[in-house]
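Below you'll find the structure, written out as structure tokens, and then a few comments.
Below, chains carry the letters A, B, ... as their sequence lines are ordered, and counting in each starts from 1. As the structure is a computational prediction, the values presented were derived from the model and not from experiment.
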2 protein chains.
Amino acid sequence: MYVDQASAQELKAQLVDLESQYSDILAAKLNLDLTRGKPSGSQLDLSNGLDGILAGSYKAEGGDDCRNYGGLDGLAEAKALFSQVLGVKPSETLIGGNASLTLMFQSVVFTHLFGARGPGSAWSAEGEIKFLCPVPGYDRHFGICEELGIKMIPVAMDENGPVMDEVEALVKSDPCIKGIWCVPRFSNPSGIVYSDEVVDRIAQLGRIAGANFRVMWDNAYAIHALHDDAPVLANLMDVARQHGTEDSVLIFGSTSKVTFAGAGLAFMGASEENLKHFKKHLGMCTIGPDKVNQLRHVKFFGDYSGLMAHMNKHAELLRPRFDAVLEHLDAGFAESDLGCWTVPEGGYFVSFDARPGLAREIVRLAAEAGVKLTPAGATYPYGKDPEDKNIRLAPSFPSLADINKTMEVFVLCVKLASVRQKLNS
Amino acid sequence: MYVDQASAQELKAQLVDLESQYSDILAAKLNLDLTRGKPSGSQLDLSNGLDGILAGSYKAEGGDDCRNYGGLDGLAEAKALFSQVLGVKPSETLIGGNASLTLMFQSVVFTHLFGARGPGSAWSAEGEIKFLCPVPGYDRHFGICEELGIKMIPVAMDENGPVMDEVEALVKSDPCIKGIWCVPRFSNPSGIVYSDEVVDRIAQLGRIAGANFRVMWDNAYAIHALHDDAPVLANLMDVARQHGTEDSVLIFGSTSKVTFAGAGLAFMGASEENLKHFKKHLGMCTIGPDKVNQLRHVKFFGDYSGLMAHMNKHAELLRPRFDAVLEHLDAGFAESDLGCWTVPEGGYFVSFDARPGLAREIVRLAAEAGVKLTPAGATYPYGKDPEDKNIRLAPSFPSLADINKTMEVFVLCVKLASVRQKLNS
């Protein structure tokens with residue numbers, strides 16, 4: 001269906017048909033949810049072996065009793081394993097609690113209030129602070145900035161990642177810009193993998209922006225490929241080392257979508273100097289991470305190849321769900337001017353762009369029909385999608401049957417909203 | 001030994017004898033540690049049943065899958081159980097991660113930066129902020145204030161808790177005072193239990209100090225009695241409710257010294273209104289607590305009486321250790337002017353006051369003899385004990401044999417330092 005080429009009469013006929021379909025769906029009183037990047041029960045089952053795996057043995061490699069206090073930055077064996085996910089040295093790794101969001105929040109708060117190198121370097125001492133936010137992006141990153149009064153500047157993304165000409169021009173012209181949020185592999189929500197050139201240029205931002213600039217590299221989907229031949233991401237820390245900008249990058253990851261979403265491990269990669277300062281402040285707000293859970297994870301995976309084998313099982317469960325979403329989009333819109341979408345090779349999302357001005361209306365129509373979608377605008381700073389067109393689809397959690405039902409509703413709502421808009425224009 | 005009554009000749013004779021004993025100990029090259037309130041291995045063993053207790057069943061009472069995302073304030077069944085430790089309603093309870101220190105830090109940071117009732121109520125908007133710190137106290141409380149630039153005012157404690165005439169006078173005269181740190185039952189380090197009158201007067205501080213004042217009630221040892229007939233603490237929230245000051249109190253607890261010190265649960269009790277505001281900010285820095293570990297704890301204890309039975313086993317392990325410390329102090333100093341100490345009926349510490357000016361020297365002498373003690377001054381804001389006399393003894397972790405050896409060294413170091421000081425005065 002090409003609404004731009006349809007006559008008013010054709011559109012009206014379409015509308016009658018679509019509204020009749022929509023009425024049928026309303027009558028079905030659905031209750032479906034495609035909002036959040038949550039693993040499904042089957043995915044969680046893959047890690048059920050975690051509980052009880054210690055079999056009464058709580059000693060870490062170094063001899064420490066994991067049950068007791070002690071150790072701010074995690075177990076050595078956990079660092080050895082998960083540093084490989086971050087692409088840094090074990091000495092550049094910190095293993096935290098169950099949320100990488102917490103490590104990111106702390107990184108920003110500490111740098112803002114206390115400075116990356118003592119009080120003189122605190123962002124808060126420099127007046128207004130700004131962050132670059134490639135869009136569409138992750139609402140919880142934006143939430144951290146909003147909470148702390150850090151002004152967000154959206155920057156465009158293309159198939160290679162953030163548009164770096166734009167990023168560099170902004171950083172050069174505005175010394176208040178102190179950071180950039182990145183989800184570099186299977187970006188949330190677009191699924192884009194940053195190109196080698198983009199990674200190289202991001203690693204050089206620290207040289208342009210000065211000592212207190214930080215790349216917030218949230219590599220949440222580092223090992224979350226759907227296919228063996230999915231694009232590989234360049235190693236940011238390696239590239240930064242070549243440019244002498246190691247201190248400008250903070251790398252984050254977690255097992256939230258590897259083991260248990262709410263009961264996994266979070267980790268952070270940073271230069272030893274950055275970690276030293278981070279730990280000084282971290283020690284004021286915690287007695288240290290849950291080392292028992294770290295030991296469980298290390299015993300469960302064994303080594304990096306064990307971890308990769310585990311991720312393959314996730315991919316097997318996720319692939320049919322992504323395929324279903326993409327089939328519906330293809331069937332509904334391949335021959336149309338109603339929207340475009342990404343075909344991710346990993347991660348947790350499909351990003352759909354409707355015709356401008358329709359995202360909120362589509363989400364509203366779906367909600368009325370009992371299908372919850374991520375709120376329109378959530379993928380933009382301050383919840384404001386300037387074109388009101390981006391919708392994030394999260395197919396991991398529902399069953400295949402529910403995804404099929406949900407996507408039928410979604411496709412219908414997009415069509416209905418588009419035809420109505422065209423008729424009213 | 002009464003050094004104040006001894007002749008110079010008697011002191012010199014003593015000195016020769018004490019220095020000879022000290023040389024023997026130096027030669028023994030000890031390596032002992034009495035620094036930290038850590039549970040012993042035997043205590044940790046009491047909770048080994050935690051790992052594996054779920055037996056593959058991860059469903060919470062309400063049907064939620066504890067493995068997945070969701071729920072910012074913890075499981076309903078964990079609230080039901082641990083609200084009884086805090087002495088608040090389940091609806092006034094939040095169950096967090098593994099560190100009550102984190103909940104305390106967040107409470108102070110959120111109130112400081114964002115305000116307990118929105119930006120207008122932020123402490124940071126009021127200029128200089130001060131906290132009252134009953135001394136001797138807990139160094140990690142003081143660390144939070146120091147980190148945030150909150151000025152600390154020490155206030156004296158007697159056997160009933162903080163000297164409330166002093167506290168009330170300060171609060172009345174200085175509107176910059178926005179909080180007070182309290183460890184109300186088996187106080188760290190003195191072991192004091194606040195009297196009913198003190199609790200009542202603390203509950204009324206919010207009325208004197210205004211809407212943004214907060215009592216930081218760290219009830220870390222709420223259920224950690226050594227004897228069945230240990231003094232009971234009045235319920236702060238109940239008393240505050242009578243005075244209409246519920247919003248002025250924040251109550252904290254944890255299972256750090258109940259199950260696994262580093263892998264337990266932390267909890268917070270606060271008015272529903274306070275919790276609502278706290279959660280708004282908490283949601284910016286975490287995806288929620290580890291609910292799997294919460295479910296483990298609930299299944300492990302069953303109910304409050306199960307929890308109490310568990311605490312009795314801790315008391316059995318701790319009593320002989322406390323007794324050993326007290327026997328050495330009694331044998332060494334009962335008939336002397338060398339120091340005084342508390343006889344706690346619960347908690348994790350014995351507080352010893354040496355002759356003024358000697359705490360640092362005693363800790364140094366012990367360290368040289370291979371016995372690590374808590375750094376002198378640690379129990380005071382900014383690490384500054386004005387009389388340099390308080391030393392915190394933590395007998396929970398070492399074996400009985402090690403405690404006996406440690407206490408021999410400690411008693412000797414106190415005597416040696418005291419005699420030397422007297423001779424040089």
Of the listed residues (B/Leu50, B/Leu148, B/Ile144, B/Asn98), which shares the most heavy-atom pairs with chain A below a 4.5 Å separation?
B/Asn98

Flag the one option from B/Lys257, B/Met104, B/Glu146 with the top tally of heavy-atom pairs under 4.5 Å to chain A.
B/Lys257

What part of A/Asn293 gets within 4.5 angstrom of chain B, counting heavy atoms only: side chain, backbone, both, or neither?
side chain

Let me see the working for A/Arg67 and B/Asp45 under side-chain contact (heavy atoms from CB on, under 4.5 Å), right down to the final yes or no.
CA-CA 9 Å; A/Arg67 301 169 302 181; B/Asp45 285 345; 2.7 Å; yes

List the atom pairs, with distances to 0.1 Å, where a side-chain N or O of residues 278-289 of chain A and a protein N or O form a donor-acceptor pair under 3.5 Å, not counting sequence neighbours.
unit_1: A/Lys279; atom_1: NZ; unit_2: A/Asp73; atom_2: OD2; d: 2.7
unit_1: A/His281; atom_1: ND1; unit_2: B/Glu147; atom_2: OE1; d: 3.3
unit_1: A/His281; atom_1: ND1; unit_2: B/Glu147; atom_2: OE2; d: 2.7
unit_1: A/Thr286; atom_1: OG1; unit_2: A/Gly288; atom_2: N; d: 3.0
unit_1: A/Thr286; atom_1: OG1; unit_2: A/Gly288; atom_2: O; d: 3.3

Can you find a pair of side-chain heavy atoms, one from A/Leu44 and one from B/Tyr58, that are under 4.5 Å apart?
no

Counting heavy-atom pairs under 4.5 Å with chain A, the top scorer among B/Asn48, B/Val292, B/Asn68 is B/Asn68

Given heavy-atom pairs under 4.5 angstrom as the criterion, report whether the side chain, backbone, both or neither of A/Ala55 touches chain B.
backbone

May I ask you to name which of A/Ala261, A/Pro39, A/Gly97, A/Ser256 has the most heavy-atom pairs under 4.5 Å with chain B?
A/Ala261

Over 12 non-hydrogen atoms of neighbours within 6.0 angstrom of NZ in A/Lys299:
yes

Donor-acceptor pairs are to be reported for all side-chain atoms of residues 106-114 of chain B against protein atoms at under 3.5 Å, with residues two or more places apart or in another chain.
unit_1: B/Ser107; atom_1: OG; unit_2: B/Leu103; atom_2: O; d: 2.8
unit_1: B/Thr111; atom_1: OG1; unit_2: B/Ser107; atom_2: O; d: 2.5

Chain B heavy atoms under 4.5 Å from A/Phe260: which part of the residue, side chain, backbone, both or neither?
both

Is it the backbone or the side chain of A/Asp65 that comes under 4.5 Å from a heavy atom of chain B, or both, or neither?
side chain

